[in-house]
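Starting from 1, each residue takes its place in the sequence as its number.
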Amino acid sequence: MSKGTYSFTTPIYYVNAAPHLGTAYTTVAADTVARYQRMNGYDVAFVTGLDEHGQKVAEVAGKNGMTPLEWCDSMEPKFRDAWDMLDITYTDFVRTTEPRHARTVQKFWTDLYEKGFLYKGAYEGWYCVHEETYYAESDLEKNEEGVFVCPDCKRPVQQASGEENWFFKLSEFEDKLLAFYEENPDFIRPETRRNEIVSFVKSGLKDLSISRSTFDWGVPLPFDQGHVAYVWADALLAYITGIGYADPEREGEFDARWPMQYHFVGKDIIRFHCVIWPAMLMAAGLPITHTVFGHGFLLTKGEKMSKSKGNVLLPEDLVKVFGVDAYRYYFMSDVQFGHDGSISVERMVQVYNADLANTWGNLCSRVFNMTKKYFDAKVPEAPASAAENPLREISDKLYDEYDACMSLVDFSGAAAAVQKLASRVNLYVEESAPWSLAKSEETAGELAAVIYNALEAIRIIALYMAPFMPHTSAEVYKRLSLGDVTAVEDIEAATSWGQLPAGNDVETGDPLFPRLDVEAIDFGVE
């Protein structure tokens, strides 16, 4: 029986560039949650997609000799292929150019128009095409040439003067937002992001331009056909499109799934998600997502990855060397979600060899091989006394520790909890010395207990590793002649000790994680 719905999103990614490690990082994190909560008994909705409208997209398309839609159509496969490569199990992929999303945008903003939250005016100020954001002159910086530049991307800004826009009365929600943050301290995580947002809102909010009238690459506003919904007024609404808002073919789904548990976003876009988005929802009379989690940046050589700095790594480059599962494991276990993380190929090899080759992979190889050698490749029948052992002591407490970490999206903590059991199994094998027990008939029962306990611990570890490394866990389950690991819908019950059937065939197979030599790998990143 389902525990209920569990819904969340990645950002709706821009189509101006192919997926890189940063976008993949957010998406793998969301998928790790999706896989775990399915195994934990929830009905999961995992929404991702593409932000395809706006001036920036139109300009990039023109530079490439395409119409905006042709450009977007050419970029969509790059994202879908990347997510397929990384085994991402999203439930909906929303393109903001889809008719169903236009229906969402038009219904939502018509509702706010009719409620009196919009007015028409002319914008005076400065605009950054790259960030798709308006700025007051006091917010800007100057470059070495004395030209005003964006405070975020440092690119020159354009002066916007006199364009007719529709404005959302964001300023009316200042006190309501501050009260909401106070009443819902977990809405913005981690806490450092919360402090930033509270300070920003206390400094005063200005009404927000939600339309453009000087170009037409966007969703037309029904109450004023000369205007298209612009940027965040369009893209943020993809989150509700992905769970059936205003969709007659998905009746009841939105009510069942909203509000969501999480929006996973990079820390650079938390203002849009923690200020504009909840104000929009308040105006619409809709509940607000429980938590916006603003994770940190991936850094190489101490800098955020960007094409202009020439330090961008592509996911497919790393997957070719490490494999999909090791890629996923590294970014979830070694980079603390919520903080900036310094990454390097050298560190990836170190984690790969220590956690995967030497600990988890080596454990499976040695125990499977001993099972073949001592028990003709079948799970032995363990004596009743085998149930009391140090591995079970750790295993019996593991669900509570792991679940608490995953509920807080502490992936590093969850992975460390599982590795603690894996390390203890390796030590248990060393301490028990099955190779010595096998020398005497008198210790045959003890040998069976040791091998059974080690195999049972491996079964349990495979379950907990499945959200991080689905291929490897599926392979371990296959070698233990068990079912489909992804079919597990109650991981707490499935990891209860003693469920590995005696007599199951055990395959040895190739090493799960052959050791790697860092000297043989060179992506030009130290």
Side-chain angles (χ1 to χ4, degrees), residues 11-17 20 22-23 51-64 68 71 96 119-171 196-197 199-201 203-219 226-236 265-277 279-280 294 297 303-312:
I12 304 302
Y13 299 117
Y14 284 127
V15 291
N16 57 329
H20 52 73
T23 48
D51 179 1
E52 301 185 348
H53 285 134
Q55 184 177 346
K56 181 166 61 174
V57 174
E59 288 185 358
V60 171
K63 289 177 182 177
N64 285 273
W71 171 255
T96 60
Y119 66 91
K120 187 181 286 189
Y123 186 83
E124 300 286 343
W126 298 87
Y127 181 72
C128 175
V129 175
H130 183 267
E131 296 295 326
E132 296 187 311
T133 303
Y134 291 102
Y135 295 97
E137 189 168 307
S138 59
D139 296 329
L140 301 176
E141 300 174 3
K142 284 188 176 181
N143 62 17
E144 294 178 354
E145 289 76 38
V147 175
F148 280 124
V149 296
C150 171
D152 295 312
C153 72
K154 313 305 180 186
R155 293 173 171 85
V157 292
Q158 301 175 353
Q159 190 158 21
S161 179
E163 180 183 353
E164 187 179 68
N165 297 158
W166 280 94
F167 287 82
F168 169 53
K169 297 177 181 178
L170 181 63
S171 59
E196 174 190 329
I197 293 299
S199 176
F200 174 76
V201 174
S203 70
L205 295 179
K206 299 174 182 176
D207 291 345
L208 177 73
S209 171
I210 60 98
S211 78
R212 296 292 300 273
S213 57
T214 55
F215 65 91
D216 61 2
W217 184 238
V219 177
H227 290 251
V228 294
Y230 197 61
V231 193
W232 300 100
D234 176 352
L236 288 165
V265 302
K267 66 180 184 180
D268 53 335
I269 55 174
I270 58 168
R271 287 186 184 180
F272 304 104
H273 289 81
C274 298
V275 180
I276 296 172
W277 183 223
M280 287 167 55
F297 293 142
E303 296 181 317
K304 179 187 174 184
M305 288 185 298
S306 71
K307 290 182 69 176
S308 63
K309 292 175 181 174
N311 62 354
V312 171

Could you tell me which non-hydrogen atom of Ile12 sits nearest to which non-hydrogen atom of Ala235, and how far apart they are?
CG1-O, 3.8 Å

Rounded at 0.5 Å granularity, tell me how far OH in Tyr13 sits from NE2 in His20.
9.0 Å

What do the steps show when you test Val228 against His53 for side chain to side chain contact (heavy atoms under 4.5 Å, CB included), and what is the final call?
CA-CA 10 Å; Val228 294; His53 285 134; over 6 Å; no

Can you tell me how far the OG1 atom of Thr214 sits from the NE2 atom of His227, to the nearest 0.5 Å?
10.0 Å

For the atom pair CD (Glu163) and CZ (Phe215), what is the distance rounded to the nearest 0.5 Å?
7.5 Å

Identify whether NZ of Lys or CZ of Arg in Lys142 sits under 6.0 Å from the centre of the six-membered ring of Phe148 and within 45° of that ring's axis.
yes

Identify each donor-acceptor pair in which a side-chain atom of residues 269-277 lies under 3.5 Å from a protein atom, sequence neighbours left out, and give them as a table.
{"unit_1": "His273", "atom_1": "ND1", "unit_2": "Ile269", "atom_2": "O", "d": "2.9"}
{"unit_1": "His273", "atom_1": "NE2", "unit_2": "Tyr239", "atom_2": "OH", "d": "2.7"}
{"unit_1": "Trp277", "atom_1": "NE1", "unit_2": "His263", "atom_2": "NE2", "d": "3.0"}

In Å and rounded to the nearest 0.5 Å, what is the CG to CH2 distance from Asp234 to Trp217?
10.5 Å

Above 12 or not: heavy atoms from other molecules or residues under 6.0 Å from CG of Asp216?
no

If we count only N and O atoms by modelled type, under 3.5 Å, do the side chains of Asn165 and Tyr230 hold a donor and an acceptor together?
no

Any side-chain heavy-atom pair of Lys267 and Glu196 under 4.5 Å
no

Check whether any side-chain N or O of Thr96 sits under 3.5 Å from a backbone N or O of Glu52 as a donor-acceptor pair, and report yes or no.
yes

Pairwise side-chain contact, Pro151 with Leu140, heavy-atom cut-off 4.5 Å (strictly under):
yes

Once rounded to the nearest 0.5 Å, what's the spacing between atom CE of Met280 and atom CG of Leu236?
5.5 Å

For Lys154, all residues meeting salt bridge (charged side-chain N to carboxylate O under 4.0 Å, His left out), sequence neighbours excluded
Glu141

Can you give me the closest heavy-atom contact between Leu170 and Asp207, atom names plus distance?
N-OD1, 3.3 Å

Check whether any side-chain heavy atom of Phe200 sits under 4.5 Å from a side-chain heavy atom of Leu205, and report yes or no.
yes

Just by modelled atom types, is the Lys63 backbone N or O under 3.5 Å from a matching donor or acceptor in the Trp71 side chain?
no

Hey, could you give me the CZ/CG distance between Phe168 and Leu208, rounded to the nearest 0.5 Å?
7.5 Å

Smallest separation among heavy atoms of Ala61 and Pro68, with atom names
CB-CA, 3.7 Å

